[in-house]
Amino acid sequence: MSLQIKILEKYEDGIAIIELKNEYLSVRLSNLGCNIMSIIMRDKENKYSDIVLGFDDIEDYKTQDKYFGALIGRVANRIGNGKFELNGDKYILPVNDSVNHLHGGLEGFDKKIFGFEILENGIEFYYLSKDGEEGYPGNLNLVVKYTLNKETLKVEYTGVCDKDTVINITNHSYFNLSGDFENICDHYLKIKSDYISKIDENGLTIGELMKVENTPFDFNEYHQIGERIEESHEQISLGQGYDHPFIFKCEENQIELYHERTGRKLTISTSLPGAQLYSSNFLDGRTKGKNGIYYNYRSGVCLETQMLPNSINIEGNSDTILRKGEKYNSYTEYKFEVLR
Ligand code: GAL
């Protein structure tokens, strides 16, 4: 089957649901926060399941605070105390996570309605984030392209701003390859990384690197996510599990997630230098998701490719600065295979 692209819903407020479907995958996207609402794939017995957490009703995406499936920006993760300095100017952003600014603020990109255009091989979303929106400088023109090629969903982000600004965009899908959304502890994970950046008691990246060797953070070989998640380690306690930025040591296929019973495997390849591994430590069984299932602690895993969180406040790390008129460009590819 060649790729079919269909607009499934178009609501009065401009929100739409679009499906990309081929013989391997069926992916539902929304222009509300460029959301990946569902990814349906088969397992080794040819049983189809949805492998991302989310909601049945689009209304729930408007009010959610877990960021299921969403694009995150202008700056993903935390900015310490909601403050930063750029070119000598001080910027104050809304604080929405204890003392820090999180995931773009009170109304980040996850809550914005993007314009869109259907392409031959996917869909392009666009949005103008105005100067001063959530405290960030400059009018940022953002374009996000999703394309589906066989078993691979590719997401490309480009942006241009009319002032110097900061940018760090990611996607916040919670994966559970088992399809039953119970627990991701039995998933095998591989991350090609020798260092994480340490976090503090509020989950803020402080920029101090830690070698993963001989710690529960060494995923250079496959380990089940649950294998060492309860181990006594300062960083595990601070994150209440995994909630840390990993710094990649190679340039492609940096992450693999494998679920043995179903044979489903996800390989992530990105141009970005790292990813936040988040083992859904803040899901608490109170969020009612798809098919009436309440999502619990560790029912999904987020593999959020991005630059180092809080970069703008970390000395010598200017990666997230986007200069006026220059082009921001990054991509992440998600390849979904079935091993038999
Ligand atoms: C993650 C972040 C977590 C938490 C979560 C949203 O990206 O690392 O600490 O804020 O988003 O609930």
Side-chain angles (χ1 to χ4, degrees), residues 33-36 52-55 60-61 63-82 93-111 134 155 167-176 181 184 189 191 193 196-207 210 217 219 225 229 235-247 255 257 268 270 272-289 294-311 313-314 320 332:
C34 295
N35 201 290
I36 300 180
V52 288
L53 276 62
F55 305 102
D60 292 323
Y61 286 96
T63 52
Q64 66 149 335
D65 60 0
K66 304 290 185 249
Y67 307 93
F68 293 128
L71 171 94
I72 308 290
R74 192 178 292 200
V75 174
N77 207 283
R78 293 168 179 81
I79 294 185
N81 298 312
L93 314 175
V95 161
N96 56 336
D97 187 70
S98 73
V99 297
N100 300 314
H101 173 87
L102 176 73
H103 289 338
L106 302 172
E107 202 182 270
F109 292 174
D110 58 297
K111 294 288 185 315
E134 297 293 325
V155 192
I167 188 169
N168 199 3
I169 309 278
T170 191
N171 176 275
H172 206 286
S173 289
Y174 290 67
F175 297 99
N176 186 325
F181 300 119
I184 39 81
L189 180 64
I191 307 180
S193 161
I196 61 156
S197 183
K198 288 190 183 178
I199 58 166
D200 71 7
E201 64 284 2
N202 294 316
L204 178 73
T205 303
I206 52 176
M210 186 193 91
F217 294 87
F219 283 99
I225 295 175
I229 204 168
Q235 284 297 312
I236 288 275
S237 329
L238 289 170
Q240 298 173 50
Y242 296 109
D243 194 2
H244 297 79
F246 283 69
I247 294 144
I255 306 179
L257 182 69
I268 298 181
T270 181
L272 289 159
Q276 181 85 2
L277 165 63
Y278 170 56
S279 51
S280 57
N281 315 319
F282 300 126
L283 291 182
D284 55 9
R286 284 189 293 185
T287 308
K288 191 177 177 184
Y294 284 88
Y295 294 135
N296 235 314
Y297 198 48
R298 315 234 157 104
S299 51
V301 58
C302 300
L303 303 158
E304 308 157 39
T305 56
Q306 61 193 276
M307 291 181 273
L308 189 68
N310 197 31
S311 273
N313 291 317
I314 294 171
T320 54
T332 300

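Order of listing sets the numbers, starting from 1, for every ligand and every atom in it.
Looking at residues two or more places apart in sequence or on another chain, you find a ring-ring contact (aromatic ring centres under 6.0 Å, His included) between Phe55 and Tyr61, Phe68.
Ring-plane geometry between Phe217 and His244 is classed as perpendicular, the angle between the planes exceeding 60 degrees on a 0 to 90 degree scale with a lower cut at 30.
In this structure a side-chain-to-backbone donor-acceptor pair under 3.5 Å is missing from His101 to Arg78. A distance-only check finds a donor-acceptor pair linking the side chain of Glu134 to the backbone of Leu106 [under 3.5 Å].
Taking the centre of each ring, Tyr67 and Tyr278 stay at or above the 6.0 Å mark.
For Asn100 and Asp97, the side-chain atoms include no donor-acceptor pair closer than 3.5 Å.
Within 4.0 Å of ligand 1, counting heavy atoms only, the contacting residues are Tyr67, Asn77, Arg78, Leu102, His103, His172, Asp243, Gln276, Tyr278, Phe282, Glu304.
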